[in-house]
Amino acid sequence: MGGLKRSHSCNDLAVDNVGEAVTLMGWVLRRRDHGGVIFIDLRDRWGITQVVFNPEIHAEVHAKAHQLRSEWVIAIQGRVERRPPDMENTNLKTGGIEIRVDTLRILNSSLTPPFPLDEDVEVSENLRLKYRYIDLRRPFMASHLITRHKVSRAVRNYLDENNFLEIETPILTRSTPEGARDYLVPSRVNAGKFYALPQSPQLFKQLLMISGMDKYYQIVRCFRDEDLRADRQPEFTQIDMELSFIEEEDIYTLIEGMMLRLFKEVLNIELAPPFARMNYEEAIARFGTDRPDTRFGLELVDLTETVRDCGFNVFQSVVKKGGLVKSINAKGCADFSRKDLDGLTEYVGQFGARGLAWVKVKAAGEWQSPITKFFTDEEREAISSALGAEEGDVLFFVADKGAIVHQALSELRLDLARRLGLIDKTFFNFVWVVDFPLLEYDHEQKRHTAVHHPFTAPKEEDMEFLENDPGRVRSKAYDLVLNGVEIGGGSIRIHQKELQDIIFKALGINKEEAEDKFGFLLQALELGAPPHGGIAFGLDRLLMILTGRESIRDVIAFPKTQKATCPLTEAPSSVSRKQLTELYLRPDWE
RNA sequence: GGGGUCGUAGUUCAGUUGGUUAGAACGCCGGCCUGUCACGCCGGAGGUCGCGAGUUCGAGUCUCGUCGGCCCCGCCA
């Protein structure tokens with residue numbers, strides 16, 4: 001760097017520094033060459049400072065500055081000067097001053113960047129990922145990584161103050177059944193055997209409790225080989241925690257404190273715990289989902305009993321087959337066109353709903369709808385009153401199996417809220433969703449599977465249903481939902497082998513299989529396992545909300561495309577035949 | 001596995017019913033310019049219309065296939 005040493009960042013200097021000799025280093029963001037005086041906006045991670053080259057002061061330095069171009073890397077030495085009156089730039093923190101350059105060192109030139117660094121230019125995702133190091137130079141992208149760091153730091157500080165130990169767990173571990181598809185790593189020294197990358201450190205953190213570590217946390221990478229979405233990457237980061245000698249309430253208190261701290265430190269927002277709580281059953285009934293966005297209304301209304309004997313065959317037959325008829329009142333939406341309504345019908349169609357009945361409510365409660373004729377006056381009155389219908393409303397109905405009704409209407413509800421601008425984006429709305437069912441029936445596998453995971457403790461008072469009505473058993477599992485996004489979830493675990501055996505049995509996992517896959521855990525449960533439980537947060541999803549981004553990729557330094565590739569490194573890649581044979585793998589696909 | 005959408009200059013996009021030499025803005029290159037801050041003015045270069053077939057006298061435009069980005073369903077907490 002030619003003997004120069006950086007004295008300040010590009011965001012440090014202000015009128016207080018006028019007269020000081022300083023040395024700055026950074027990238028050329030923009031150059032404004034007036035033929036005489038040349039202005040350069042110098043950028044680094046912290047900000048932007050204007051530097052000035054004046055031919056009357058240093059002719060040779062000015063001549064050198066002529067060749068500067070976008071993204072060249074330079075060091076400048078000069079004096080801080082107050083800008084002339086009316087020439088201040090109030091958009092910059094350093095806008096009151098500029099640097100009059102005495103020395104210019106060109107540390108590196110640059111090709112013309114493949115895309116502009118301005119935030120307002122939407123660049124294709126592929127290019128951004130291929131040149132991620134340039135994408136990350138854009139201040140708004142850099143700010144996401146900075147926020148990410150602040151969140152991690154706030155979590156570490158908080159948990160450290162609460163007597164937690166940060167403990168690492170293996171990345172090369174064993175494949176376990178249940179849950180997502182594993183990423184596998186072949187073992188060279190054990191022919192035909194494979195490690196799996198962890199979907200989460202679940203079993204290790206339980207073992208750490210059995211070790212007496214008492215309070216564990218880790219900010220840890222997890223891997224799931226499933227298809228990607230805007231909020232799903234094959235590798236993602238969890239804030240993972242486990243505690244001994246605790247119950248649900250201890251978790252709620254701990255996490256509310258953590259969120260309070262985190263929002264204060266990162267966004268300077270004061271949250272007001274305790275957070276709202278809602279049990280699973282109520283969340284499904286009112287919002288159709290286990291992650292309700294309660295920032296707005298448009299709640300689901302159950303009309304199953306109201307329409308049981310109505311004249312509309314579609315509704316009646318669904319009810320007779322044990323399905324549900326539920327409805328949303330879209331307040332003041334009577335100006336929706338036929339095209340709007342057809343669009344919404346198509347929208348709910350992708351969630352399995354075979355139709356979307358609608359009613360426009362006119363003056364005096366009169367219905368305008370293709371289905372008006374199927375209902376008597378009394379039935380229309382009953383439905384309208386259940387929904388609180390008023391002139392100008394549109395009523396939407398879905399009739400189907402419960403799961404389809406709930407998914408379709410919960411998605412319709414969100415779509416309507418976005419369309420109507422009902423969502424207050426400045427508001428952070430936390431809800432604990434509690435009392436999840438322990439098991440759900442999997443029609444494909446023809447057995448019950450764990451809603452959370454197989455180590456979740458059931459509620460004692462529901463154990464009596466396990467044999468005859470397993471779907472009715474509730475668990476000691478909880479999710480934390482923020483603005484309709486599940487940001488974390490956990491449970492109190494089973495800490496006694498007898499109970500774990502019973503649950504494995506209910507899951508259709510026989511003794512041999514349990515012993516083979518989870519033998520080490522079962523043994524540990526017999527060697528002094530304390531009562532324990534924990535929770536894990538999706539750091540990426542949490543950051544997505546904190547930074548207001550639509551995609552998890554924007555808060556990850558080097559994310560992957562929807563096909564799980566990395567355009568920058570071109571991973572995944574082919575490997576040599578030698579590597580394959582060392583791993584006892586044969587390229588059958590050739 | 002399925003549905004949708006996009007792919008044209010370095011970037012973001014326009015391109016009519018299939019019809020002459022494929023345009024704009026920004027960027028880039030050159031010139032001019034001493035107070036700009038998305039500087040300004042003048043000039044210039046820059047295209048495998050993702051790729052491959054097909055229809056046609058003629059394809060950026062129509063058809064089929066294929067590759068890739070993004071969004072969604074299934075899958076996944």
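Worth knowing before you read on, the calculation uses all heavy atoms, side chains too, and leaves out hydrogens, waters and symmetry mates. Residue numbers start from 1 in every chain, and the chains themselves are labelled A, B, ... in the order their sequence lines are given, proteins ahead of strands.
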Worksheet item: Given that A:P567 and A:F351 both sit by RNA chain B, which one's nearest nucleotide is further toward the 5' end?
Response: A:P567
Fill in: Nearest-nucleotide 5' precedence on RNA chain B, A:R181 against A:A564
A:A564
d([atom1], [X]; [atom2], [N]) in whole Å:
| X | N | atom1 | atom2 | value |
| --- | --- | --- | --- | --- |
| A:D86 | B:U36 | CG | C1' | 14 Å |
| A:I38 | B:G40 | CD1 | P | 16 Å |
| A:E81 | B:U36 | CD | C1' | 15 Å |
| A:Q233 | B:A77 | CD | P | 16 Å |
| A:R291 | B:C76 | CZ | P | 15 Å |
| A:Q67 | B:G30 | CD | P | 11 Å |
| A:H62 | B:G35 | NE2 | C1' | 12 Å |

With distance as the sole criterion, do the side chain of [X] and the base of [N] form a donor-acceptor contact below 3.5 Å?
| X | N | answer |
| --- | --- | --- |
| A:E98 | B:G35 | yes |
| A:R224 | B:C76 | no |
| A:R83 | B:C37 | yes |

Would you please confirm or rule out a distance under 4.0 Å between OP1 or OP2 of [N] and any side-chain N or O of [X]?
| X | N | answer |
| --- | --- | --- |
| A:R30 | B:C39 | yes |
| A:T112 | B:C28 | no |
| A:R229 | B:C73 | yes |
| A:K563 | B:G69 | no |
| A:Q407 | B:C72 | no |
| A:Q562 | B:C71 | yes |
| A:T90 | B:C37 | no |

Which whole number of Å gives the distance between the [atom1] atom of [N] and that of [M]?
| N | M | atom1 | value |
| --- | --- | --- | --- |
| B:G18 | B:C49 | C1' | 15 Å |
| B:G60 | B:U17 | C1' | 15 Å |
| B:C76 | B:U66 | P | 28 Å |
| B:A45 | B:U56 | C1' | 35 Å |
| B:C13 | B:G7 | C1' | 12 Å |

Discussion item. I need the single residue from A:N11, A:I99, A:I76 that forms a side chain to side chain contact (heavy atoms under 4.5 Å, CB included) with A:T49. Which is it?
Written reply: A:I99
Just by distance, no angles: are the side chains of [X] and [Y] close enough, under 3.5 Å, to form a donor-acceptor pair?
| X | Y | result |
| --- | --- | --- |
| A:Q218 | A:T169 | yes |
| A:D240 | A:Y216 | yes |
| A:D12 | A:S9 | yes |
| A:Q202 | A:Q206 | yes |
| A:S491 | A:R493 | yes |

Worksheet item: Where along residues 541-555 of chain A does a heavy atom fall under 4.0 Å from RNA chain B?
Response: A:R553
[X] near the nucleic acid: base, sugar-phosphate alone, or nothing, with a heavy-atom cut-off under 4.0 Å?
| X | answer |
| --- | --- |
| A:R32 | base |
| A:D33 | base |
| A:G538 | nothing |

On the 0 to 90° scale, with breaks at 30° and 60°, tag the [X]-[Y] ring pair as parallel, tilted or perpendicular.
| X | Y | answer |
| --- | --- | --- |
| A:H62 | A:H66 | perpendicular |
| A:F430 | A:F275 | parallel |
| A:Y478 | A:Y252 | perpendicular |

Worksheet item: At what distance, to the nearest 0.5 angstrom, does NE2 of A:H452 lie from CG of A:L439?
Response: 13.0 Å
Discussion item. Let's see if you can work this out: which of B:G69, B:A77, B:C72 has an atom nearest to the side-chain heavy atoms of A:T561?
Written reply: B:G69
Practice prompt. Side chain of A:P84 only, please: which of B:G35, B:C70, B:G30 is the nearest?
Written response: B:G35
Worksheet item: Within the stacking criterion (centroid distance below 5.5 Å, interplanar angle below 30°), does A:H34 stack on B:C33?
Response: no
Worksheet item: Salt bridge check: are A:D435 and A:K459 linked by an N-O gap of less than 4.0 Å?
Response: yes
Worksheet item: Any ion pair linking A:R148 and A:D540 (charged N to carboxylate O, less than 4.0 Å)?
Response: yes
Discussion item. Using a 4.0 Å heavy-atom cut-off to protein, can you give one letter per nucleotide of nucleotides 5-12 of chain B, 5' to 3': B if the base is in contact, S if only the sugar-phosphate is, - if neither?
Written reply: -----SSS
